[in-house]
Amino acid sequence: MMRTIPLDPQASWVQLCSTQDDWDAMDPAILDTMLVRLSLIRAFEESVLDLAGNGLVHGPAHSSIGQEGGAVGSILPLLPGDQVNGSHRGHHQFLAKALGYVAQQQPLARDAPFDGAIRETLQGALAEIMGLRNGFCLGRGGSMHLRWAEAGVTGTNAIVGGGVPLAAGAAWADRMAGTDNVSVTYFGDGAVNIGSVLETMNLAAAWKLPLVFFIENNLYAVSTHVDEATAEPRLSSRGLAFGIPSWRVDGMDPVATYMAMQQALSVCRAGQGPAVIEATVYRYFHQNGKLPGSAFGYRDKGEEAAWRERDPIEQVGREMIRRDLLTAKDISDLRERCRAVMEEISAELTVMEGNRRAVRSDLWPAASFRDVGIRSDLDEISALPRLSQGTAGESTKRKFVDVVADVMNRRMEQDPRIVVLGEDVHRLKGGTNGATRDLAANFPGRVFGTPISENAFMGLAGGLAMDGRFRPVVEFMYPDFMWVAADQVFNQVGKARHMFGGAIDVPLVLRTKVAMGTGYGSQHSMDPAGIFATAPGWRIVAPSCPADYVGLMNAALAINDPVLVIEHVDLYQQMLPAPIDLDGIIPPGSAALRRSGSKVTVITYLAMVQPVLDIVDELDADVDVIDLRWLDRASLDWDMIGESIRRTNRVLLVEQGARGTSYGGWLADEIQRRLFDWLDGPIMRVTGGEASPSISKVLERAACAGREEISAALGELLELA
């Protein structure tokens, strides 16, 4: 007969409840701080709802009224060096941390004026929510994207669960830097069931990151109750699956939340890894705006009233009155002072137009600010030595993939900020292709083999880059995996600089390889250039030879932007000339003219360069062949492209991959916009088929462009020239 053996989880899971003795033991100064911060945040949120109700907030107004106790109670125990990030409903977390930061220099108490840095903080946050140029993100972030790095707020996030992997990066940066700081990531009940959150829990536990996962369980998504969304609505249970100690606490009770956070921080600061806190809270209003949920039929007024009776401000006030620390009048006076300062700030940001208030027109960002700060201005590479055509000095023949490893070894030797992450990059003599050969041995503690969780480790690298102390190099084994991590790649890393005001650096390199022709099929064979070229914020390099790889990778590792480095398996094992000197860069805007002629401009990149050159030589064709090297919109060498097209008047774009995700489709449109008057005919394109490559050798060849297609297209154009 079978036996069953009960299994116990590795980590503890407890419900923490405060007692009267706990309230009595609280330092009066801490209770005073709680009350002031709770009251200021409540008044701030009431002002937001008032402005939104009058049409003065463009976009959502995700109020946190009712949930302030969880934010204030959990952020009070944090140290100045600790960092937080949050979700789309994050005003209260932003303000709790920001007010704690300014309180280091200016008293934040009932008997102190709400002026100076306190007032500036409230005004900057409100201006940002209204989309004004004097906001923390210069009006670009709005309600859902609030960041103030100096105060330890690394950013709130509109994508549910999207900020969680970024917080892991901040935590990792602190651990790598040797501090005892802790990061706290705030998210709601909906995010608990999202893959990026669970992936990050696993990664943080495996790597023992000092990260607190703080779940604000307000019981509802928009209108869907948590009981409808999961079979286990005690959401802190998720931590047990990953061996993470977890606490469940009443988030309407700031003292209980305060104590839970103290215990969680002690775990993290002791180097024992992450912690989970689930705080049950209640948003008094609907997902967006100033109507209660009952107005939309998914909650009833009785439920709402019961939760309001447990209001965190009222709880703190009652306990302070009971302890004779203040009077009811003191509380009402404080609330009135908070409302008054917010009314003053609101009045400063608006103007009366007849009987209606309007946003002050002089506070809107200028329309010319639209594209400013999408990428770095490249001042950081202005003094670095250049490689003119990708070759400099003495060279020797090397395998392409060995040069990939050589460059990384050289740069990691020179720059201790560089760290490498990816699946199997620390094993197998340099990963699955040898591109990270010797790195783990030469640089212990800086090369990390990751779990198979691209969303988590890409996001972690993004948070690490935004932190600014390190330069992560991420390897995606195949570019198709970008779809798995699309939120972090495009919504987070690519947009961060611009979204947070244009000033934040995101120095990250993403390496990947095109594997067409290897039989790996539809999900491992794409060329990602066409997708990344349409994504703002990313720079793209595509080296066609080892000499170019040296200069392009050196540039990628020096630029303060995310850079996609595309490699190709067809090149890896080729023995080609490679420079002995591994320093020097090929900066953006540096295409290479591989052949000169007058009849056709052939534009290509990566592994298609050599086939094009071979066919040009075979045909003895009088054409220009341009190897783009830099592919993104901001980095193309339009001087070379324009000069060539004005001379030849005909264009052939050559790429290997599928027509649907084609890079050339975008480039052809851009050429026509810029150079239409110099074209004597339509731009011709060589691409693969509509379908992704298949496993069958015959079908794979049919899906990819090759020598035959290049030769036919070039021959046709030469006949017309």
Side-chain angles (χ1 to χ4, degrees), residues 195-196 199 400-401 404-405 408 420-437 447-462 472-490 493-494 508-533 535 538 540-544 549 553 556 562-573 605-608 631 655-658 660-663 687-689 691-697 699-701 703-705:
S196 59
E199 286 183 27
F400 191 109
V401 73
V404 174
M408 282 305 304
V420 176
L421 304 88
E423 293 155 5
D424 296 303
V425 295
H426 61 319
R427 299 264 167 79
L428 305 177
K429 298 182 179 179
T432 54
N433 291 100
T436 53
R437 170 186 45 78
V447 179
F448 298 86
T450 64
I452 301 174
S453 52
E454 281 81 7
N455 217 6
F457 69 76
M458 182 67 200
L460 183 148
V473 177
V474 178
E475 179 182 303
F476 277 2
M477 197 176 292
Y478 294 94
D480 309 68
F481 299 172
M482 71 178 180
W483 299 119
V484 179
D487 175 47
Q488 296 302 320
V489 171
F490 301 118
V493 172
L508 180 150
V509 169
L510 173 59
R511 290 182 47 251
T512 193
K513 63 176 184 284
V514 176
M516 293 181 207
T518 61
Y520 269 72
S522 297
Q523 296 175 335
H524 285 65
S525 303
M526 78 175 297
D527 176 352
I531 302 300
F532 275 83
W538 279 92
I540 310 167
V541 297
S544 64
Y549 193 94
M553 179 54 96
V563 182
L564 173 69
V565 177
I566 309 175
E567 301 160 13
H568 201 296
V569 293
D570 284 357
L571 299 174
Y572 275 164
Q573 300 305 314
Y605 61 94
L606 204 64
M608 297 303 276
L631 307 186
E655 58 187 315
Q656 184 182 26
T661 54
S662 163
Y663 174 77
T687 70
S692 301
S694 305
I695 293 292
S696 164
K697 191 171 185 178
L699 294 178
E700 182 179 45
R701 171 61 190 91
C704 302

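All values below were derived from every heavy atom in this structure, side-chain atoms included, with hydrogens, water molecules and symmetry-related copies excluded.
- A 6.0 Å sphere centred on CG of L699 holds more than 12 heavy atoms belonging to other residues, nucleotides or ligands.
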Contacts under 3.5 angstrom, residues 514-523 side chains, donor-acceptor by atom type, not counting sequence neighbours:
{"unit_1": "T518", "atom_1": "OG1", "unit_2": "A515", "atom_2": "O", "d": "2.6"}
{"unit_1": "S522", "atom_1": "OG", "unit_2": "P693", "atom_2": "O", "d": "3.0"}

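- Looking at residues two or more places apart in sequence or on another chain, you find no side chain to side chain donor-acceptor pair (under 3.5 Å) involving T661.
- In plain terms, the two heavy atoms of L631 and A542 that are nearest each other are CD1-CB, 3.8 Å.
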(message) Could you go through I695 and E700, starting from their C-alpha distance and side-chain angles, then the distance that decides it, and tell me whether this counts as side-chain contact (heavy atoms from CB on, under 4.5 Å)?
(response) CA-CA 6 Å; I695 293 292; E700 182 179 45; over 6 Å; no
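- Partners of D487 under the side chain to side chain donor-acceptor pair (under 3.5 Å) rule, at least two apart in sequence or in another chain, are N491, Q492.
- No donor-acceptor pair closer than 3.5 Å links the side chain of D527 to the backbone N or O of A658.
- Listed for the E199 side chain is a donor-acceptor partner under 3.5 Å among the backbone atoms of A456.
- Scanning for salt bridge (charged side-chain N to carboxylate O under 4.0 Å, His left out) contacts around E475 gives R511, with sequence neighbours left out.
- In terms of heavy-atom proximity, P472 sits nearest to A461 at CG-O, 3.3 Å.
- Shortest non-hydrogen contact noted between N455 and S196 is ND2-CB, 3.3 Å.
- Taking both residues in full, the closest heavy atoms of P543 and Y549 are given as CG-CD1, 3.5 Å, listed atom of the first, atom of the second, then distance.
- For the pair F448/H426, no side-chain contact is recorded, criterion being any heavy-atom separation below 4.5 Å from C-beta on.
- Residues Y605 and Y663 bring their aromatic ring centres within 6.0 Å.
- Applying the salt bridge (charged side-chain N to carboxylate O under 4.0 Å, His left out) rule to E454 yields no partners; only residues at least two apart in sequence or on another chain are considered.
- Of the candidates I540, L564, V473, V563, L564 is the only one forming a side chain to side chain contact (heavy atoms under 4.5 Å, CB included) with L510.
- Atom SG of C704 and atom CD of E655 lie 11.5 Å apart (nearest 0.5 Å).
- Considering only residues two or more places apart in sequence or on other chains, R427 meets the side chain to side chain donor-acceptor pair (under 3.5 Å) condition with none of them.
- Taking the ring centroids of F481 and H524, they lie under the 6.0 Å cut-off.
- Counting all heavy atoms, side chain and backbone alike, G494 lies closest to W538 at CA-NE1, 3.7 Å.
- Going from atom OG1 of T512 over to atom CG of D480 covers 8.0 Å, rounded to the nearest 0.5 Å.
- L606 and I566 get closest at one heavy-atom pair: CD1-O, 3.2 Å.
- In this structure, M526 and Y478 have side chains that are not in contact, with every pair of non-hydrogen atoms separated by 4.5 Å or more.
- Here the side chains of T436 and M408 are not in contact, with every heavy-atom distance at 4.5 Å or above.
- A tilted orientation is assigned to the rings of F490 and W483, their planes being inclined by 30° to 60°.
- Side-chain contact between E567 and V565: present, with at least one pair of heavy atoms (C-beta onward) separated by less than 4.5 Å.
- Of the possible donor and acceptor atoms, one in the side chain of K513 sits under 3.5 Å from a partner among the backbone N and O of M477.
- Contact of the H568 side chain with the Q656 side chain is registered, since non-hydrogen atoms from C-beta on lie closer than 4.5 Å.
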